[in-house]
S.K.: 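I am attaching a structure below and will ask some questions about it afterwards.
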Amino acid sequence: MLSSTQFSTEQLRTVAIVGHGAAGKTTLVEQLLAKSGMIGAAGSVEKGSTVSDFDPLERAALHSLRASVVHCDHTAGDVSARIHLIDTPGYPDFIGQALGALDAVETVAVVVSATGGIELVTRRMMDWARARRLCRMIVVNKIDHEHIDLPALLAQLQETFGAEVLPINLPADGGSRVVDCFFNLSGDATDFSSIEDAHRALVEQVVEVDEALTERYLEGEEIAPEALHDAFERALREDHLVPVLFVSARTGAGNATAP
């Protein structure tokens, strides 16, 4: 584990984990800490063993009452980053804690329960994050649950928040795993849609922020995902792309696949 002094300012990232109550935010944070090796194993809200819900009142209530800060380290190739995560309460009575967290971050991850769909706090946090011109992403949690309709939920998210809401991975094998759609051009079968269609939609959305890339794409050139990195970040900053990540915080599916 690296110390904070080993990271430059450019290597630091700040993300607020927000969303309606019971969407699974704290469980998601536990999985991210476990997957990154910051803790030995993910804790449980039900058992009162999570890192961010450390207050006895939170453990008794089985949900967050205040925002808490944790961090994890991520390395991809020769690039490393320290990601500070702010786990926030989701119930309306404590929404002030989540709202205050937006002043301290550059990115907002709005967690949506696949069983609950778009709820009151979902809409509010998406609107508030957009008003503050923060990068936004949507994390659809609980993809392994029964009696859910993920294609309908994705369509509802796009209808509510815009065509820029696009999946960056897709669930497969009944939500037991996910398949990346940004770096993969084709491949595994998914539970709905296809990798090819999702990848094409992402590329077309990202190249629109870069005139040179747009020309290359319109001329029929196949642009490698690695060449889209800067344009991808720009699309996020300009609110031209809101990526959707499908995950199961309970099983860990999808919690280590984001590009």
Side-chain angles (χ1 to χ4, degrees), residues 13 15 17-19 23-25 27-32 34-36 42 72 74-77 81 83 85 107-115 117-118 122 126 135-145 148-158 161-207 223-229 231-233 235-236 240-259:
R13 302 290 183 268
V15 183
I17 309 296
V18 303
K25 299 181 295 298
T27 303
L28 175 64
V29 168
E30 283 294 306
Q31 282 288 353
L32 292 172
K35 292 280 187 178
S36 61
C72 59
H74 175 72
T75 301
I83 305 169
L85 304 169
T107 302
V108 176
V110 182
V111 182
V112 176
S113 168
T115 60
I118 299 175
T122 309
M126 286 290 287
C135 298
R136 298 181 297 167
M137 64 178 66
I138 295 172
V139 181
V140 176
N141 187 26
K142 305 183 182 181
I143 62 171
D144 58 318
H145 282 228
I148 58 175
D149 190 341
L150 294 178
L153 177 56
L154 178 60
Q156 186 184 15
L157 289 167
Q158 292 170 332
F161 302 117
E164 63 270 23
V165 173
L166 294 171
I168 203 166
N169 65 17
L170 287 170
D173 296 339
S176 62
R177 64 186 183 93
V178 301
V179 181
D180 169 78
C181 300
F182 184 72
F183 291 104
N184 286 338
L185 279 65
S186 61
D188 295 350
T190 55
D191 291 343
F192 69 93
S193 185
S194 70
I195 295 173
E196 294 88 346
D197 290 345
H199 178 81
R200 185 183 309 110
L202 281 168
V203 171
E204 290 177 353
Q205 190 73 10
V206 169
V207 298
I223 303 174
E226 292 77 10
L228 295 172
H229 180 272
F232 188 96
E233 287 194 352
L236 286 176
H240 195 68
L241 174 66
V242 179
V244 178
L245 297 92
F246 290 96
V247 308
S248 169
R250 179 173 63 176
T251 66
N255 286 287
T257 59

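Just so it is clear, the model here is predicted, and its values are computed rather than measured.
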S.K.: Does His229, at its NE2 atom, have more than 12 non-hydrogen atoms belonging to other residues, nucleotides or ligands within less than 6.0 Å?
M.R.: no
S.K.: For Glu233, what residues pass the salt bridge (Lys or Arg N to Asp or Glu O under 4.0 Å) criterion, not counting sequence neighbours?
M.R.: Arg237
S.K.: Just jot down the side chain to side chain contact (heavy atoms under 4.5 Å, CB included) partners of Ser248, sequence neighbours excluded, or say none.
M.R.: Ile143, Asp144, Arg250, Thr251, Ala253
S.K.: Apply side chain to side chain contact (heavy atoms under 4.5 Å, CB included) to Ala109 and list each qualifying residue two or more places apart in sequence or on a separate chain.
M.R.: Val15, Ile17, Met137, Val139
S.K.: Could you work out, with side-chain hydrogen bond (donor to acceptor under 3.5 Å, both in side chains) as the rule, every residue matching Ser176, not counting sequence neighbours?
M.R.: none
S.K.: If the condition is side-chain hydrogen bond (donor to acceptor under 3.5 Å, both in side chains), which residues does Asp191 pass it with, not counting sequence neighbours?
M.R.: none
S.K.: Can you list the residues that meet the side chain to side chain contact (heavy atoms under 4.5 Å, CB included) rule with Gln31, with sequence neighbours excluded?
M.R.: Lys35, Ala42, Asn255
S.K.: Using distance only, find each side-chain donor-acceptor pair of residues 148-158 under 3.5 Å and give its atom names and separation, not counting sequence neighbours.
M.R.:
from: Asp149; atom 1: OD1; to: Ala152; atom 2: N; distance (Å): 3.2
from: Gln158; atom 1: NE2; to: Val165; atom 2: O; distance (Å): 2.9

S.K.: In chain order, what residues pass the side chain to side chain contact (heavy atoms under 4.5 Å, CB included) check against Thr122, with sequence neighbours excluded?
M.R.: His20, Val110, Val112, Ile118, Glu119, Phe161
S.K.: When rounded to the nearest 0.5 angstrom, what is the spacing between CG in Leu228 and CG in Leu202?
M.R.: 9.5 Å
S.K.: Mind checking what makes side-chain hydrogen bond (donor to acceptor under 3.5 Å, both in side chains) contact with Ser193, not counting sequence neighbours?
M.R.: none
S.K.: So Val178 and Val247, do their side chains get closer than 4.5 Å, heavy atoms only?
M.R.: no
S.K.: Pairs in or reaching into residues 166-176: which pass salt bridge (charged side-chain N to carboxylate O under 4.0 Å, His left out), with residues at least two apart or in two chains?
M.R.: Asp173-Arg177
S.K.: Listed by chain and number, what are the side-chain hydrogen bond (donor to acceptor under 3.5 Å, both in side chains) partners of Thr107, not counting sequence neighbours?
M.R.: none
S.K.: Once the angle between the rings of Phe192 and Phe246 is folded into 0 to 90°, is it parallel (under 30°), tilted (30 to 60°) or perpendicular (over 60°)?
M.R.: perpendicular
